[in-house]
Amino acid sequence: MMDSDNAANEALIQFLYRAPIGLVQITMDGAIEMLNPMSSSLLMPLAPDGNMDNLFAVLDPVAPELRQMTTMFAEPAGVICESFRIDLGDSLDAGAGHPRPQFLAISLLKLDAGKLMAVLADVTAEAQRERDTIARRLNSAARIDALTQMPNRRAVQEQIGLMMNGQGGPHSDYAVLFLNFDRFKQINDSLGNAAGDQVLVAMAARMRAVLRPSGDGVRATSGGGQMAARIGGDEFVVVLDGVRRAGDVESVAGRLLDNISKPYVIDGHEIICNVSIGIVLGSEALGDADSVLRDASIAMALAKSGARGYVVFEHSMRERAVRRGDIEGDLRRALHENHLFVLYQPVVGLLADGRIDCSTGVEALVRWRHPVRGVVPPLEFIEVAEECGLIGAVGDFVLERACSDFVAWRAVLGEAAPRLLAVNLSRAQLAHPGFTARVAQILQATAMDPRQLQLEVTESLAAQDNQVQSRLHELKALGIKLELDDFGTGYSSLASLHLLPVDTVKIDRSFVSQSDTSAHHRVLIEATVKVARSLGMDTVAEGIETAAQARVVNELQVDKGQGYLFSRPLESPALIGWIASSSALALVA
Ligand code: C2E
Ligand code: MG
Ligand code: MG
């Protein structure tokens, strides 16, 4: 009996001795009465001098609260703390040979008024696991766009990177589509950011719907299949994997365009938001994920400016974009260093008796004196200026310069001074909400009479949207005249002329230049004059180069003419000379 009791006790002692957790018996003030080997190995790093007389003293540097918890524990017996985690952090000196614990968990049990039992465990692995989980969660949050719950730029970069250099070597059967919304900022500006956000969420939903697996020949692969991501304000990216034919990508692009461009109804407002897409095919991808995204955005910008839905990237586009970048930098400098200047081309009155009126008006045409390239014509930089946001500064410069020159001519030429100043506007200027106020300011600063200012807009621009329309009406309310430039080249027609708040229609050079040789063009000019007259608008024929053309447009009763026949665009002093010397020039008969 005795033997078996002994054997049982011995077994229990062995069990406690070898337990993979630390067991320590202490007094109420921490003095260690018993401890198993696991305890000493867990505690040893905390007691480099080997002094393990008192548990609280050993743990004081890392868990001073234990002592207090014990004193505060009033019950006769019970759990003082359970799995209290202690971060040993850097408090331990290295060199123990084996991996030292980073985290300990301690439970304290009050056995009776004088005895405590401490249970110690190494929870380093568990803590590490928890830490990893948190890191993973944070990481995935760092890859998700909070608004749309789509992957974000970082996730897309990784995905593209995987496809460029994925397992099994780089492959090229993928495509990256860069989507951007045309004039999205207007939604935020007019309806508020909350409405803008709703539109973005709705767009994201439509993109997801389009990308649902279907028979496009684009297969979902383990490499990620189709990913739609939001990488910035109104910029989205779609990555298609497993693309067999370029045509498949274009059909996805077409479906994206169709679906996303349908109207959205937000807070009772119907919102139409067109999208432009730039596509980089895997076979054309160069560099890293960022350069692929950049190339896709270059193609997207071309889609946008060309009013095409999508454009597939080609390498020549990158060179063009670089050239544009150069122009942008140079243009910024030009504005600073006053390298822009304005020429004036006379607009003459075409009188019934065949004579011309040289004081009718002028059109201001901007030029750039480039230190290396010489004089650069506007067609080479206006578009860049629009794209990079410099158009506001360029436009302000031209308007201010032209108005002050115009006012100065009166002092020199008196009654012979031009009566009307035409200044070209571009799309981006009109889209700017502060534009009208800016014009009013310039008029005031230069003492320019608004009735003598005529702003030229192109057909496509004037027909564009309600916001542009209301901006045009604001300008008219200032007393300024409006002129439709390049008429005949845009998409509005004679039938919709009455919808535009313009005073003058300028017939495009392409009609005028054929007026003396093509009956068809003559008929078009004639019809334009008739419709314009019926609406109370007058007409200008631009690009008159020959006497024959001048005669034809005069016969067709066009009111005014402009072109090399009369004069090329001139600098201000030369214009003064031209007017002074040719005040009543007869038409070449
Ligand atoms: P536009 O407004 O249609 O201007 C007429 C263009 O035709 C001018 O070219 C003018 O020099 C040219 N031209 C005039 N008469 C003749 C002619 O008899 N034959 C030929 N072949 N050409 C003639 P320019 O100055 O190079 O301007 C080109 C375009 O650049 C302008 O077309 C206008 O759309 C834009 N532009 C010019 N200045 C400005 C500006 O200050 N702001 C903005 N936004 N655009 C401007
Ligand atoms: Mg013009
Ligand atoms: Mg024109």
Side-chain angles (χ1 to χ4, degrees), residues 331 334-335 339-348 356 361-369 374-403 405-406 420-432 435 438-439 442 453-462 468 481-490 502-516 528 539-550 552-553 558 560-571 574-575 578 588:
L331 189 54
L335 276 161
H339 289 164
L340 295 186
F341 63 105
V342 182
L343 295 184
Y344 303 95
Q345 185 176 36
V347 176
V348 302
I356 58 169
V362 296
E363 176 176 8
L365 296 160
V366 69
R367 294 290 181 271
W368 171 10
R369 191 167 286 122
V375 175
V376 184
L379 292 180
E380 288 182 33
F381 65 90
I382 289 290
E383 209 180 311
V384 180
E386 288 199 352
E387 280 168 17
C388 66
L390 286 175
I391 191 67
V394 172
D396 283 0
F397 164 77
V398 173
L399 188 60
E400 196 156 3
R401 170 91 274 151
C403 287
D405 281 347
F406 184 90
L420 199 59
L421 170 66
V423 177
N424 294 281
L425 287 191
S426 73
R427 176 190 299 258
Q429 280 174 284
L430 267 187
H432 201 279
F435 182 65
R438 185 78 192 108
V439 172
I442 292 175
L453 179 62
Q454 183 152 45
L455 296 175
E456 295 194 2
V457 294
T458 60
E459 236 183 308
S460 52
L461 177 52
V468 167
K481 295 191 172 62
L482 295 178
E483 175 165 356
L484 202 55
D485 204 351
D486 306 340
F487 183 77
T489 58
V502 298
D503 306 273
T504 305
V505 178
K506 190 181 262 191
I507 303 164
D508 191 65
R509 190 171 81 219
S510 57
F511 293 83
V512 175
S513 64
Q514 297 184 63
S515 60
D516 53 339
T528 305
T539 47
V540 184
E542 71 176 358
I544 300 177
E545 292 184 352
T546 67
Q549 291 163 3
V552 173
V553 298
V558 177
K560 297 180 252 181
Q562 180 181 358
Y564 295 167
L565 174 68
F566 310 112
S567 169
R568 292 196 170 246
L570 303 168
E571 293 205 46
L575 177 85
W578 184 87
V588 190

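First listed ligand is number 1; within each ligand, the first listed atom is number 1. Worth knowing before you read on, the calculation uses all heavy atoms, side chains too, and leaves out hydrogens, waters and symmetry mates.
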Nearest-neighbour protein heavy atom for atom 5 (C) of ligand 1, which is reported as residue plus atom name and distance: E542 OE1, 4.1 Å

Atom 38 (N) of ligand 1: nearest protein contact (heavy atom, Å): V366 N, 3.2 Å

Selection from A364, P569, S426 by shortest heavy-atom distance to atom 11 (O) of ligand 1: P569

Closest protein heavy atom (residue, atom, distance) for atom 34 (O) of ligand 1: N424 OD1, 4.3 Å

4.0 Å protein heavy-atom contact status of atom 40 (C) of ligand 1, strictly under: yes

Flag, side chain of N424 to backbone of E456, donor-acceptor distance under 3.5 Å: no

For Q345, the ligand 1 atoms whose distance to one of its heavy atoms is below 4.0 Å: 14 (C), 15 (N)

Interfacing atoms of ligand 1 (cut-off 4.0 Å, heavy-atom, G563): 15 (N), 18 (O)

Under-4.0 Å heavy-atom contact between protein and atom 9 (O) of ligand 1: no

E363 atom (N/O/S) at minimal separation from the Mg ion (ligand 2): OE2

Name of the D485 atom (N/O/S only) found closest to the Mg ion (ligand 2): OD2

Inter-residue atom distance L453.CG - K481.NZ, 0.5 Å rounding: 9.5 Å

Location of contacts on L425 toward ligand 1, heavy atoms closer than 4.0 Å: backbone

Whether G395 lies under 4.0 Å from ligand 1, heavy atom: no

Identity and distance of the protein heavy atom lying nearest atom 7 (O) of ligand 1: R509 NH1, 3.5 Å

NZ or CZ of R438 within 45° of F435 ring axis and under 6.0 Å: no

Protein heavy atom at shortest distance from atom 3 (O) of ligand 1: D486 OD1, 3.1 Å

Residue E456, metal the Mg ion (ligand 3), N/O/S under 2.8 Å: no

The Mg ion (ligand 3): angle it makes with OE2 (E542) and OD1 (D486), nearest 10 degrees: 80°

Numbered atoms of ligand 1 (with element) below 4.0 Å of V398, judged on heavy atoms: 41 (O)

Protein heavy atom at shortest distance from atom 24 (P) of ligand 1: P378 CG, 3.7 Å

E456 and ligand 1 - part of the residue with a heavy-atom distance under 4.0 Å: side chain

Within reach of ligand 1, part of I544 (heavy-atom separation under 4.0 Å): backbone

Any protein heavy atom < 4.0 Å from atom 21 (N) of ligand 1: yes

Residue portion contacting ligand 1 (non-hydrogen atoms closer than 4.0 Å) for L365: both

Any E363 heavy atom less than 4.0 Å from ligand 1: yes

Any R367 heavy atom less than 4.0 Å from ligand 1: yes

Residue H432 excluded, over 12 heavy atoms near NE2 under 6.0 Å: no

Numbered atoms of ligand 1 (with element) below 4.0 Å of G543, judged on heavy atoms: 16 (C), 17 (C), 18 (O)

For atom 16 (C) of ligand 1, the protein heavy atom that lies nearest, with its residue and separation: Y564 CE2, 3.2 Å

Residue and atom name of the nearest protein heavy atom (relative to atom 29 (C) of ligand 1), distance in Å to one decimal: L379 CD2, 3.7 Å

Minimum heavy-atom distance between E363 and Q562, given as atom pair plus value: OE1-NE2, 2.6 Å

Sub-4.0 Å heavy-atom approach of Q562 to ligand 1: no

